[in-house]
Protein chains: 2
Amino acid sequence: MASNDQPVPVFSKPVTLRDVATEAGVSVATASKALNDQGRMTTETRERIRQTAQRLGFRPNSLAQSLLRRRSFTVGLLTNDTYGRFSLPLMAGISDALVDAGVSVFLCNVEEDPRLGQLHVEAMLDKRVDGIIATGKRIDRHLPVDLSNLRIPVIYAFTQPDPDAVAFVSDDAGGARLAVEHFCRLGRRRIAHVTGPSTFAVVHERAEAYRAVLAENGLPAMEPLLGSWTESFGHQAVAHLFDGAGEKPEAIFCGNDQIARGVIDGLRERGLSVPGDVGVIGFDNWQIVAEATRPPLTSVDMNLAALGREAGLTLLSLVGGKPAVPGIRKLPCRLVVRQSCGRLQDG
Amino acid sequence: MASNDQPVPVFSKPVTLRDVATEAGVSVATASKALNDQGRMTTETRERIRQTAQRLGFRPNSLAQSLLRRRSFTVGLLTNDTYGRFSLPLMAGISDALVDAGVSVFLCNVEEDPRLGQLHVEAMLDKRVDGIIATGKRIDRHLPVDLSNLRIPVIYAFTQPDPDAVAFVSDDAGGARLAVEHFCRLGRRRIAHVTGPSTFAVVHERAEAYRAVLAENGLPAMEPLLGSWTESFGHQAVAHLFDGAGEKPEAIFCGNDQIARGVIDGLRERGLSVPGDVGVIGFDNWQIVAEATRPPLTSVDMNLAALGREAGLTLLSLVGGKPAVPGIRKLPCRLVVRQSCGRLQDG
DNA sequence: CTTAGTTGGGAAAAGGTTTTCTCACATCGA
DNA sequence: TCGATGTGAGAAAACCTTTTCCCAACTAAG
């Protein structure tokens, strides 16, 4: 049987620093110093070693470096967000902030399973991650793992288990203000708020901001409609708001894009034009939803990637030994204006 | 200034094998063997060392182990799927398959940027990942990185750069068959197919299967409608199919759930009932979309998690030195029946 | 010519674990 | 009592890199 009958691939051995040193006729110590711009030697020697390393395709073994430096250039991202609606943009930001520092990210989805969470955390700890970023779908619920007594820095994004932790969250109240104030600027007077269930902390935070902006602008207060984060609740809300007697809203600020979508569809089915008769603004700026509504949805973007970047950078500096003051940092949202909210009339 | 004025946390030093050995009054060699069930010693000694390790909370340093074993218990997942629509379920499957083996997964989103791809791949290589799984949004496009001459095993999921590679993809033709055959069983005779652009390989593969099933069942052939993967194309398609003259379809098999959503909305706007007048089946089984359509959408599920599990397991066995025959492995889809496709009439 | 200082480069330890050898001691049969 | 066998446990090498000394050779000053 010929040897090439075997489909098993042969992987060549990685070239080590010793190989480079031998090839260049110096000791490993010198080779190391040459490549790290340390120590003293003739530029000639240094250059020769560099060339040799280059030629041999030498890449230092991170494992050995990590062992020595007690730093693995690795962080873990813990999430329970199965579909990655929030965690992926966050991840993108983190990754973006860290890749230039040579740091890679372990992603662990722990669902709601404490056993799984424990397993993943231990695996990461054993691999000596430099730090952990924990994220969740909502600020007022925590991952099913205890990260409080780890020997490494932990940063929270979108959740904050205790006030002594360092946490980054979006400024939901500010985001709500952006939306409602935008409606005010557009001259809408009766502004409704349709949002998720009262069990979510953000629901109250945003509703509070909504009421505040109405008050500041001398507009009629309307009680926020709490329900579920679904399209179908958007439909129900429209039925509730428009099918009864009394004055109808001119604008609806929705708690997420799915609700907004349901609202827009419900309005259209009633022959109401968006934004002509009613303006709609959503929350989350979930592109795939926001761009599919008719008309495309104006929505509050939580800047998750930026949040991830901040979290990543902060973790890095924490790992580097710089202290960080504990507490929540709120990062501003931004309003992404499309066509569902109406436009300022010129003149 | 009191020392507790400083917010810098103090992280205790990890306990090493040497600590355990010293504490138990043995050598590190013995300690190692005790904990790994190797070597010879009295059960008494072994037990005592175990207890000591337990008491001290010893966890072996993975870095040191990896260095020695030339195996990092780490794999990389490379993707360009920003929103994680495909890569996250895949990731979940991979992670699920590997976590019990103590393997963690680096997730790297390289977008379409070759520089970024290169950066990530090098970072992973330096960290001595045991293998890499590369995935993409579509089988006929590849990531902007060259993985062909790595010293570690590579597995592809959803893409296959060359026939010598090991790749896992979903059986799109089979999935299409499932959908169309389901319509046939339900007695629908005029079955249309609305799908994405011709630049996608899967579009042709599924269209082929669609035609084949029609032929096998002696049903009238209809030319598939190719467009974009969007809701708005779904609307257009409905206009095209129903607003002209000629016989109308009784069923529509859509290339993805977004198209299906557009189709369903378009049908409703025309006063056609789903599934009463027209049955609709989508593709991807994107839960958040499929459950929000009215009625909920029957859809072909590509079993991405299962695919990820297979890929992970295969990579593991490849890493373990077992050869794997190159080529594409197609994994079956499954039909998730909800309410949009109609039901078999009893009696 | 001696001494102090500089320069280029190497030896060795460290990081934490695993594994192979080796060794001392005990036991057993002759 | 002597060799053979077996048993429990330790010493040391290995994995790969970094860093701290250290040393030899050379230069310059006195």
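Basis for what follows: all heavy atoms, side chains included, without hydrogens, waters or symmetry-related copies. Chain identifiers are assigned alphabetically (A, B, ...) following the order of the sequence lines, protein sequences preceding nucleic acid strands; residue numbering begins at 1 within each chain.
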Subject >> Most 5' of B:Ser27 and B:Arg128 on DNA chain D, judged by nearest nucleotide >> reply: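 Nearest nucleotide further toward 5': that of B:Ser27.
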
Under 3.5 Å, side chain of [X] to main-chain N/O of [Y], donor-acceptor pair present?
X        : Y        : answer
A:Ser72  : A:Arg128 : yes
A:Asp130 : A:Val75  : no
A:Asp19  : A:Thr16  : yes
A:Ser95  : A:Ala92  : no
A:Arg48  : A:Ala24  : yes
B:Asp113 : B:Val110 : no
B:Ser66  : B:Arg71  : yes
B:Asp81  : B:Arg85  : yes

Subject >> With B:Arg18 via side-chain hydrogen bond (donor to acceptor under 3.5 Å, both in side chains) - residues at least two apart >> reply: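 Expected list: none.
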
Original post:
Looking only at heavy atoms, what is the nearest atom pair of A:Leu318 and A:Pro323, with distance?
Top reply: CD1-C, 4.1 Å

Original post:
A:Pro14 versus A:Arg59: any side-chain heavy-atom pair under 4.5 Å?
Top reply: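 A:Pro14 vs A:Arg59: side chains apart.
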
**OP:** Please tell me if the side chains of B:Leu107 and B:Thr79 come closer than 4.5 Å, counting only heavy atoms from C-beta onward.
**Re:**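 When only atoms from C-beta onward are counted, B:Thr79 and B:Leu107 do touch, with a gap below 4.5 Å.
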
Original post:
Can you list, by residue number, the residues of residues 45-53 of chain B that have a non-hydrogen atom closer than 4.0 angstrom to DNA chain C?
Top reply: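 Nucleic-acid contacts, sorted: none.
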
Subject >> For chain B, the stretch of DNA chain C it reaches, first to last nucleotide, under 4.0 Å of its heavy atoms >> reply: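 Going 5' to 3' along DNA chain C, contacts run C:dG16 to C:dT20.
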
Original post:
Axis-to-axis angle across the helix from C:dC1-D:dG30 to C:dA30-D:dT1, five pairs an end, to 10 degrees?
Top reply: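 End-to-end axis angle: 70°.
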
**OP:** Round to a whole Å and report the spacing from CG of A:Leu35 to C1' of D:dC16.
**Re:** 13 Å

Original post:
Can you give one letter per nucleotide of nucleotides 18-27 of chain D, going 5' to 3': B for a protein heavy atom under 4.0 Å from the base, S for sugar-phosphate only, - for none?
Top reply: BBB-------

**OP:** Taking ring pair (Phe, Tyr, Trp, His ring centres under 6.0 Å) as the test, write out the residues that go with A:Phe106, two or more places apart.
**Re:**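 Residues passing ring pair (Phe, Tyr, Trp, His ring centres under 6.0 Å) with A:Phe106: B:Phe106.
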
